[in-house]
Structure formats: C-alpha cells, structure tokens
Amino acid sequence: MTGLNHRFHRLLNGLLLSGTAIALFACGKGPPEIERGQYPVPEDAEISTTEPGQYGGVFILSETTEPKTFNFLVPHDQASSSAMGRFLSGLVGWDPLETEVTPGLAKSWDISEDKKTYTYHLRRGIKWSDGEPFTADDVIFTFDCIFTEDEDPATGKMTPRYPNRYIAQFTFGGKRLEYRKIDDYTVEFVTPELYSPFVSNVGFVEIIPKHKLYDAFADGTLLEMWSTQTAIETPEELVGLGPFRVFSYSPGERIVYAPNPHYWRADRDGQRLPYVDFLVTKFVNDSNADTVLFSSGQLDAAAIPATDEAWVKMGQEPHDYTLYERGPTPSALFMWFNLKPGENAEGIPYVKPYKMAWFQDKRFRQAIMYAFDREGIAKGVYFGRAEPMDSIISQGNPKWHNAAVKKYRRNVSTARQLLTEAGFTTNAQGKLIGPQGHPVEIELMLFEGSQRLTEIATTLKENLAELGIQLRINYVDFGVVIQKIDNTFDYEMSAIGWGSSAGATDPSGSKALYVSSGIYHVWNPKQETPATAWEARIDELITASEQTFDEDERVRLYAEVQDIMAEELPLLYMMTPYGYSGIKNKWQNVIVPPSGSILWNLDELWTEEAE
C-alpha cells in the first residue's frame with residue numbers, strides 16, 4: 001500500500017469511527033415533514049429553464065469551518081456567508097455562465113436617463129418561509145438597518161447604529177444612497193453620483209424580514225439577533241426567502257436544511273423548487289476530511305484542493321462521480337502588516353513604533369516578497385497545480401486581471417539589497433537588526449484549521465530566517481482574528497482569504513477592501529482621510545470606475561489600481577491554486593460554470609435515485 005493510500009484509509013477509518021457517517025438526524029429529532037404543493041406557486045414565480053425533475057433525495061456536503069453568525073450585518077467568514085445564502089435572497093442574482101446580473105426578488109428594473117435612479121419591480125405573491133407576505137417594506141427595512149444613524153451623546157456626531165461593510169459600498173463622494181418605497185411592489189434607489197455597478201452590487205444585500213426583526217432594530221439589539229444560538233434553539237426564527245430553511249443546527253456535527261415551502265422559483269411543470277428533500281452540511285475537523293469523504297462516496301459534491309486532484313481522480317469510476325478541472329481560482333489569499341496608527345485606551349500603541357516604521361517602509365514589504373519562495377510552494381505544496389498570485393484580482397478573473405503588474409519572484413540578493421537601502425543590518429549572529437537597533441522579530445496571527453495556510457506560513461518562516469528575521473506563528477480562533485483586525489488592532493501581521501462563491505465577478509464588490517475608508521481595508525481600515533498618496537490615488541480610481549459606464553475604461557482603471565497595489569504591496573500575495581470540483585453522477589441538471597461554485601443552481605438539481 002502506498003503512503004498516500006495508507007493516509008487515505010487511516011483518515012477514512014478515523015472518520016467512520018468518530019461517527020461522521022452516522023444518521024443525519026439525531027438527538028431524538030427525526031426528519032422534518034416535507035411540505036410539497038400545499039401552497040400555490042406565486043403569480044410572479046421565476047420559471048427554471050432546466051429540465052423538470054422529481055422530488056426526493058438528500059444532498060450532503062461538508063465544511064471544516066462552522067458559521068459564526070446568521071446575521072448578514074455582523075462581520076463574518078465564508079462559512080457564514082454560505083449558510084446565509086441557503087435561506088436568504090437578494091433583489092438580483094448572478095449567472096456565472098453568462099457572467100451577468102439576473103432577476104432575483106426583483107423581476108425587473110428600470111434605469112433613468114441620467115443613470116442615477118434605479119426602480120426595482122418586485123415579484124408579486126412571494127412569501128417568507130413562515131408564510132408572511134414579502135413587500136417593499138422589507139426592502140426598505142433592510143436598507144434602514146444598514147444606514148440608520150444615531151447621535152453619539154459624547155461627541156454629538158451622527159454614527160451608524162449598526163456599523164457594517166455596506167455603508168462604504170453605497171456611499172458615493174461622501175453622500176449615501178437614497179431609497180424609498182413607491183408602492184408595495186416597487187422600490188426606488190437614487191445614487192448621488194453615477195455608479196455603474198449599482199445593479200450588480202445591490203444583489204450583495206440579502207433582504208431580511210421586517211416582521212421578525214423590527215423590534216430588535218428599534219431597541220438596538222439587532223446585531224445580537226440570528227446568532228448561532230438562534231439556529232441551535234429556535235431555527236424557525238431564521239426566516240428567509242431563499243430555497244431552504246434551517247431545520248436544525250448541531251454544533252460540531254451538522255446543519256440540516258429543509259426546502260422553503262414558499263420559495264419563489266418553480267419548474268415549467270409547476271413544481272416548486274428545490275427538488276431535494278434535505279440539504280445537510282457536515283462539519284469535519286481535519287481539512288482533508290471533506291476530500292476523503294467525497295472520494296469515498298460519502299458526500300455528494302466537494303471542492304477538491306489542487307494537491308489532492310491526482311488521487312481523487314482515481315475514485316471516479318468506483319464511486320460514480322466526476323471531477324472537473326476549473327482552472328485558476330478567482331479568489332485571493334494574502335497576508336499583510338498592521339499599518340493602523342494609534343493606541344488603545346491604556347495608551348499602548350497598536351504596533352510598537354519601531355516595528356511600525358519597518359512595516360510602513362515599502363522596501364521592507366518588497367524585501368519580504370522577494371524572499372518568499374512561492375514557486376517552491378507551487379511545486380512542493382500544490383504539486384504544480386498553482387501559480388504565485390501577483391495581483392489582488394487573480395488570474396482566475398481574466399477579464400479584470402492585470403497580467404502586466406510588477407511581479408515578485410524569489411531573489412534573496414534583491415531582498416537583502418532592499419533591506420540595506422532601508423537601513424537594516426545583519427549582526428555577527430546572522431540576525432537582522434532594524435534601523436533603530438532592534439532585532440527583526442514579527443508575529444503572524446493565523447486562524448486555526450487551515451492546513452494549506454499553515455504550510456504556506458511555515459515556508460515563509462523558513463524563507464525569512466535566511467534573512468535573519470524571526471517569524472513566530474500564532475494560531476487563534478477565527479473570532480479572535482476578526483476582533484483584532486476589526487476592533488482592537490493589537491496584532492502585527494495576519495492573513496485571510498478574499499473571494500466569492502459566485503466566481504469571476506465585477507471587482508466593485510470589493511470596494512470595502514480597496515478604498516481607504518473601507519471597513520475591510522485590512523492593513524489600515526476606516527481612514528477618515530487617505531494615509532498615503534497612493535491610497536488617495538486608489539480612492540480616485542475607484543470613484544472614477546464607478547462613474548463611467550464604459551466597461552473598457554473601467555477595466556483600464558482597475559488595471560491601474562492593481563499596478564499601484566503591486567508596487568506598494570499593502571498586501572503580500574500568496575498563491576492562486578487551480579480549482580477542481582467533484583459531484584456524484586446521479587445528480588441531474590449539473591451545469592459547470594467557468595468559475596465559481598459548481599452548486600450555483602443547487603435548487604435545480606435532482607436525482608432518480610431518491611430514497
């Protein structure tokens with residue numbers, strides 16, 4: 001037995017022994033009663049263009065990370081976004097096949113001649129998963145939750161009642177988006193300036209129910225609502241307009257979703273979607289476990305790491321699944337140094353001043369990138385199925401990717417030269433000493449549970465040791481990472497992934513990362529004015545890209561954004577792995593898009609093998 005096969009069988013046996021393959025519904029709570037056909041399909045239902053199927057079946061997925069919240073206003077990770085996407089919907093959707101915006105809760109929209117007024121016509125007859133009617137009041141309520149301000153009694157300034165990423169996304173030239181209800185099925189948005197990506201960007205906002213959450217909005221407790229505890233104790237409170245509803249959540253084990261009996265999509269035979277009886281997401285501790293479970297026939301679909309593609313492909317025939325090669329992924333993975341100036345309430349600087357001086361020097365950041373052996377990672381960690389990432393918009397988004405940006409490949413002599421120019425020296429023991437006489441020691445804060453990120457960080461640690469830099473890796477809970485990079489700022493260096501399951505989309509959705517005032521401008525967030533000239537220039541470019549409807553010009557403007565970021569390196573780019581997706585052959589209506597999730601049309605999938 002080869003070492004690879006031995007590892008596979010050892011991990012598989014461990015999963016079976018640990019109970020991963022036990023019954024899906026436990027703790028005395030049996031399968032939910034599936035409601036089919038009790039309620040009429042709404043008059044404005046969207047009709048699927050795929051072949052009609054039949055009801056039944058359980059679709060099983062796995063995740064290594066559990067959701068941290070079910071509230072879209074609370075800062076969250078990809079696992080939380082995925083969970084929310086199962087039961088919530090937006091005004092518009094995204095077609096990854098045609099790479100265009102599609103109708104969602106809004107069946108159509110009109111744009112005024114001056115391109116500043118957007119009128120959305122909502123689908124009539126839609127109901128929330130608890131049977132309450134959906135109207136324009138819910139849309140207005142959702143945007144009120146985003147934008148409502150209260151006066152700070154200490155300063156007299158107006159501040160957001162519920163700070164969130166969408167405020168910056170829909171603020172234009174210092175002025176916020178205006179919106180109003182025209183009637184029960186029509187809402188109007190007015191952008192104070194031209195904003196070309198508005199139609200697509202409004203789809204990022206998932207509409208929430210006024211009848212369930214207004215009281216919390218009014219009394220200031222909205223951010224406490226729809227927590228993981230809600231999903232555990234009263235999942236019926238998680239009311240949405242998506243294809244599913246949360247049936248149960250067992251931390252450390254699974255989330256079970258049942259069909260939303262009031263979902264607004266149907267097939268041409270009049271059957272309300274989705275077809276599956278249950279959607280189950282299992283939680284596994286080992287980052288390899290989902291791959292092993294899929295390759296052994298225990299999951300219905302999975303994203304397969306590039307490092308595992310070769311051996312997973314061998315299981316296609318015995319376990320009756322297909323593995324699809326997707327090319328470079330459109331997501332981004334990067335590290336950064338904390339450039340946030342200031343101090344905490346006790347007067348302690350977020351970052352020690354002498355270290356801040358290192359981090360603020362572009363030559364220091366460039367030296368780190370020249371020392372970083374990303375080609376070695378591509379070969380040794382990904383077995384050649386990855387490329388060094390050179391831009392914030394990856395190779396997996398070719399329409400917007402700037403292939404001509406400055407590139408950094410391992411060159412230790414160039415790294416040393418840059419450090420020397422920046423005033424660093426090396427002592428007799430081989431340690432790098434900063435301009436003010438301090439040994440160069442840095443702590444990298446990572447969230448627990450990512451084997452791939454651990455391997456990359458370990459390589460960086462070894463690479464920096466060659467320069468005399470000591471890199472300490474500190475693993476903490478994901479919630480701690482979010483708290484430190486969003487609020488307390490008491491860290492030196494961190495890393496995170498950035499992207500969307502929708503795939504290669506308009507980069508305007510990442511405005512909160514690009515602009516200096518953005519909540520996700522991770523290296524120095526929420527700046528009142530740009531801290532540097534180059535950040536001011538990026539702000540100008542983003543504004544210009546929003547104000548032109550000429551797509552070629554927008555591509556040119558984003559190319560300059562990428563040039564600046566590649567030169568200044570506020571983000572230290574890691575890898576762009578190739579994507580692979582697998583799904584069992586029993587599922588019908590599988591349509592593989594050029595990028596993004598293979599399950600983008602999960603509500604349309606069905607099987608003849610339903611139990």
Cationic N near anionic O, under 4.0 Å, Arg161 to Asp150: yes

Evaluation steps, side-chain contact (heavy atoms from CB on, under 4.5 Å), between Tyr249 and Thr281: CA-CA 10 Å; Tyr249 174 34; Thr281 300; over 6 Å; no

NZ/NE/NH1/NH2 to OD/OE distance under 4.0 Å, Arg537 and Glu568: no

Residues Thr228, Phe70; criterion side-chain contact (heavy atoms from CB on, under 4.5 Å); working and verdict: CA-CA 7 Å; Thr228 54; Phe70 293 84; 4.2 Å; yes

Greater than 12 external heavy atoms within 6.0 Å of Lys526's NZ: yes

Check: Arg452/Thr307 side-chain N/O donor and acceptor closer than 3.5 Å: yes

Side chain proximity check, Thr488 to Asn344, heavy atoms < 4.5 angstrom: no

Identified side chain to side chain donor-acceptor pair (under 3.5 Å) counterpart of Thr576 within the set His401, Gln395, Arg374, Glu387: Gln395

Side chain proximity check, Phe424 to Leu467, heavy atoms < 4.5 angstrom: no

Heavy-atom donor-acceptor pair, Gln169 side chain to Ser508 backbone, under 3.5 Å: yes

Short side-chain donor-acceptor distance under 3.5 Å, Thr221 and Glu224: no

Ring geometry between Phe337 and Phe364 (parallel below 30°, tilted from 30 to 60°, perpendicular above 60°): tilted

Between Tyr166 and Phe72, ring centroids under 6.0 Å: yes

Passing candidate, side-chain contact (heavy atoms from CB on, under 4.5 Å) with Met575, options Val381, Thr329, Ile377: Ile377

Candidate pair Thr459 and Glu455, rule side-chain contact (heavy atoms from CB on, under 4.5 Å), full reasoning: CA-CA 6 Å; Thr459 297; Glu455 292 172 329; 5.7 Å; no

Side chains of Ser413 and Asn411, donor plus acceptor under 3.5 Å: yes

Check: Tyr195/Asn201 side-chain N/O donor and acceptor closer than 3.5 Å: yes

Geometric cation-pi criterion Lys340 and Tyr350, 6.0 Å radius, 45° cone: no

Residue among Met369, Met574, Met445 satisfying side-chain contact (heavy atoms from CB on, under 4.5 Å) with Met335: Met574

Distance-only polar pair, side chains of Asp361 and Trp358, donor-acceptor under 3.5 Å: no

Pair Ser391-Asn402, side-chain donor/acceptor within less than 3.5 Å: no

Within-4.5 Å side-chain heavy-atom neighbours: Ile304 and Phe294: yes

Ser516 and Glu535: side chain donor to acceptor below 3.5 Å: no

Atom NZ of Lys407 with >12 non-hydrogen neighbours under 6.0 angstrom: yes

Glu492 side-chain N/O to Glu443 backbone N/O, donor-acceptor pair under 3.5 Å: yes

Presence of salt bridge, Glu567 and Lys362, under 4.0 angstrom: yes

Residue pair Phe334 / Ile392, side-chain heavy-atom distance below 4.5 Å: yes

Residue pair Ser494, Phe447: steps toward the side-chain contact (heavy atoms from CB on, under 4.5 Å) verdict: CA-CA 9 Å; Ser494 193; Phe447 59 87; over 6 Å; no

Ion pair check, Asp390 and Arg409, cut-off under 4.0 Å: yes

Min side-chain heavy-atom separation Leu541-Ile564 under 4.5 Å: yes

N-O pairing of Glu309 and Lys313 below 4.0 Å: yes

His521 side chain reached by Ser517 side chain, heavy atoms, under 4.5 Å: no

Stepwise side chain to side chain donor-acceptor pair (under 3.5 Å) check, Asp152 with Thr159: CA-CA 6 Å; Asp152 185 330; Thr159 58; 5.0 Å; no

Distance-only side-chain donor-acceptor flag, Ser227 / Gln229, under 3.5 Å: no

Between Tyr408 and Gln366: side-chain donor-acceptor atoms closer than 3.5 Å: yes

Donor-acceptor pair between Asn71 and Thr69 side chains, under 3.5 angstrom: no

Flag side-chain contact, heavy atom, 4.5 Å: Phe372 against Pro388: no

